[in-house]
Number of protein chains: 2
Amino acid sequence: MADSPTPLKTNYHHGDLPQQAHELALEVLREHGDAAISLRALAKQIGVSAPALYRHFIDRDSLLAELAVTGFEALRERLLAVDQSNPRRALIDIGLVYVSFARDEPNLYRLMFGGRVLPKGIHPRLDIAGRGAFQVLEDTIAQAQAAGYVKPISLSLMTAAAWSLVHGLSQLSIDGHLPSAKAEPHLTEGVVTLLLDGSIAENKQHKKDTTS
Amino acid sequence: MADSPTPLKTNYHHGDLPQQAHELALEVLREHGDAAISLRALAKQIGVSAPALYRHFIDRDSLLAELAVTGFEALRERLLAVDQSNPRRALIDIGLVYVSFARDEPNLYRLMFGGRVLPKGIHPRLDIAGRGAFQVLEDTIAQAQAAGYVKPISLSLMTAAAWSLVHGLSQLSIDGHLPSAKAEPHLTEGVVTLLLDGSIAENKQHKKDTTS
DNA sequence: TAACAATGTTACTGGTGATAACTTATGGCT
DNA sequence: AGCCATAAGTTATCACCAGTAACATTGTTA
């Protein structure tokens with residue numbers, strides 16, 4: 001493959017601009033928030049002219065949308081990693097992982113859900129990625145329902161409740177609206193359990209003591 | 001008021017700049033989002049020079065923070081208006097009002113909770129206003145607890161759960177992440193009820209059928 | 001080798017937040 | 001009444017930003 005005599009001399013073509021810009025932007029986002037992302041600054045830091053970025057990102061918003069997509073994908077992966085053997089425990093763990101993701105990456109999480117990027121329909125990939133993360137939660141609930149661990153109510157209702165709970169918890173947590181940010185996991189587990197105990201099927205009610 | 005001889009001739013001193021700027025900014029926010037708020041544009045529309053605004057708002061962020069404060073105050077008022085006679089019904093109605101507020105003023109709501117303005121400690125008035133709205137919810141829960149309609153668990157835990165639920169529901173709703181945006185109130189009521197039924201005190205459990 | 005497409009470049013426009021230095025009206029004090 | 005400190009405007013200016021247009025360089029392909 002082309003051992004050209006002077007392969008390093010010319011850096012006219014960067015060769016990896018999109019990915020490097022993406023990574024650098026992600027780093028800036030994580031550390032300083034989306035507002036701190038400047039295409040000019042990115043270009044300068046990479047060592048390339050500013051308009052070059054427009055060859056790969058039609059927009060600044062487009063770049064942010066890509067970052068949000070990777071965020072949803074990362075969230076999805078972390079949600080997929082939870083052990084699904086015990087349905088009830090899986091639901092709680094999903095909540096814990098979800099909230100811990102938001103706490104680990106508050107700026108990324110805010111970008112994903114801040115409504116700043118996503119007029120919902122402008123960036124199809126973003127919608128797909130978001131749906132992908134959501135799907136894990138829904139599948140887990142459906143599984144728990146099938147196993148009889150959750151009331152057989154409307155799946156969409158149950159999912160909306162669960163997602164709202166962990167999402168709201170995440171948002172309030174990273175915004176500092178909750179007291180005792182230290183004992184966070186305990187709070188999360190307590191809150192999720194609270195919802196769960198209200199969703200336990202009648203015939204499993206007597207089992208409640210075995211889990212705690 | 002005060003028919004001074006030539007009250008209109010001199011407009012060097014606007015006389016009402018802060019309030020008018022606040023109102024105009026709020027209108028822009030509601031219709032186009034916080035990103036669309038430009039001090040220069042505001043000044044031009046009011047008919048005043050841009051730096052004039054800096055006499056009244058030390059910062060752009062400071063103006064946004066004031067808008068968020070009014071948002072929290074408005075939310076608090078709407079929450080205070082719900083009928084508190086029936087504790088259970090009050091909790092559900094609080095949730096309905098909360099979510100409907102977010103849906104009525106999505107851009108304002110996003111500003112209030114977007115984490116864009118509130119490093120939590122920079123704007124004391126904002127913290128106070130936020131706490132004020134939160135307090136209504138907490139008081140309602142405490143009341144319901146005192147009346148025996150809610151499990152006597154930690155008030156902060158119960159409040160965190162309730163707030164997370166309605167907040168998450170609001171956020172997901174205004175971002176279009178929930179299906180069937182039409183039957184929104186029904187969904188909200190169902191979700192809140194779901195949490196509530198998990199929080200019902202043992203001795204009131206048999207009453208469950210009377211409400212549905 | 002000639003044409004082409006992709007990827008980069010410099011030059012430029014319009015808009016933004018913010019500050020400095022200056023000007024004018026207001027209102028309290030003597 | 002007259003004065004003057006100060007509040008509330010003004011113009012001028014800076015630094016930064018997103019985005020566009022026109023041009024230059026490279027790799028590929030006919």
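Following rounding to the nearest Å, A/Asp59 (CG) and D/dG19 (C1') show an atom-to-atom distance of 9 Å. What separates CD of B/Gln20 from C1' of D/dG9 is a distance of 15 Å, to the nearest Å. Rounded to whole Å, atom P of C/dT16 lies 16 Å from atom CG of B/Asp61. Taking atom CG on B/Asp34 and atom P on C/dG17, their separation rounds to 12 Å, with Å as the unit. Summarising the geometry, the separation between CD1 on A/Ile46 and P on C/dT7 is reported as 15 Å, rounded to the nearest angstrom. For A/Arg40 and C/dT9, the CZ to C1' distance is 14 Å, given to the nearest whole Å. Whole-Å rounding puts the B/Leu53 CG to C/dT19 P distance at 13 Å. Atom P of nucleotide D/dT26 and atom CZ of A/Arg55 are separated by 16 Å, given to the nearest angstrom.
Of the candidate nucleotides D/dT10, D/dC17, D/dT20, D/dT20 has the atom lying nearest to any side-chain atom of A/Pro51. In the set D/dG19, C/dT16, C/dT10, the nucleotide with an atom closest to the side chain of A/Ser49 is C/dT10. Considering only the side chain of A/Leu17, C/dG8 comes nearest among D/dT11, C/dG8, D/dT13. Of the listed nucleotides (C/dT19, D/dG9, C/dT16), C/dT19 has the atom at the smallest distance from the side chain of B/Tyr54. Nearest to the side-chain atoms of A/Ala52 among the listed nucleotides C/dG17, C/dG8, D/dG9 stands C/dG8.
The residue A/Ile58 sits apart from the nucleic acid: no heavy atom pair falls under 4.0 Å.
Aromatic ring centroids of B/His167 and B/Tyr109 lie under 6.0 Å apart.
Salt-bridge formation is detected for the pair A/Arg78/A/Asp104: a Lys NZ or Arg NE/NH1/NH2 atom is positioned less than 4.0 Å from an Asp or Glu carboxylate oxygen.
Counting only distance, with no hydrogens or angles, the side chain of A/Glu66 and the backbone of A/His22 share no donor-acceptor pair below 3.5 Å.
Residues B/Arg103 and B/Ser173 have side chains that bring a donor and an acceptor to within less than 3.5 angstrom of each other. Side-chain polar atoms of B/Ser38 and B/Arg60 form no donor-acceptor pair below 3.5 angstrom.
For C/dG15, the OP1/OP2 oxygens have no side-chain nitrogen or oxygen of B/Ser38 closer than 4.0 Å. A close approach under 4.0 Å does occur between a side-chain nitrogen or oxygen of B/His56 and OP1 or OP2 of D/dG9. Here B/Arg60 reaches the OP1 or OP2 of C/dG17: one of its side-chain N or O atoms lies under 4.0 Å away.
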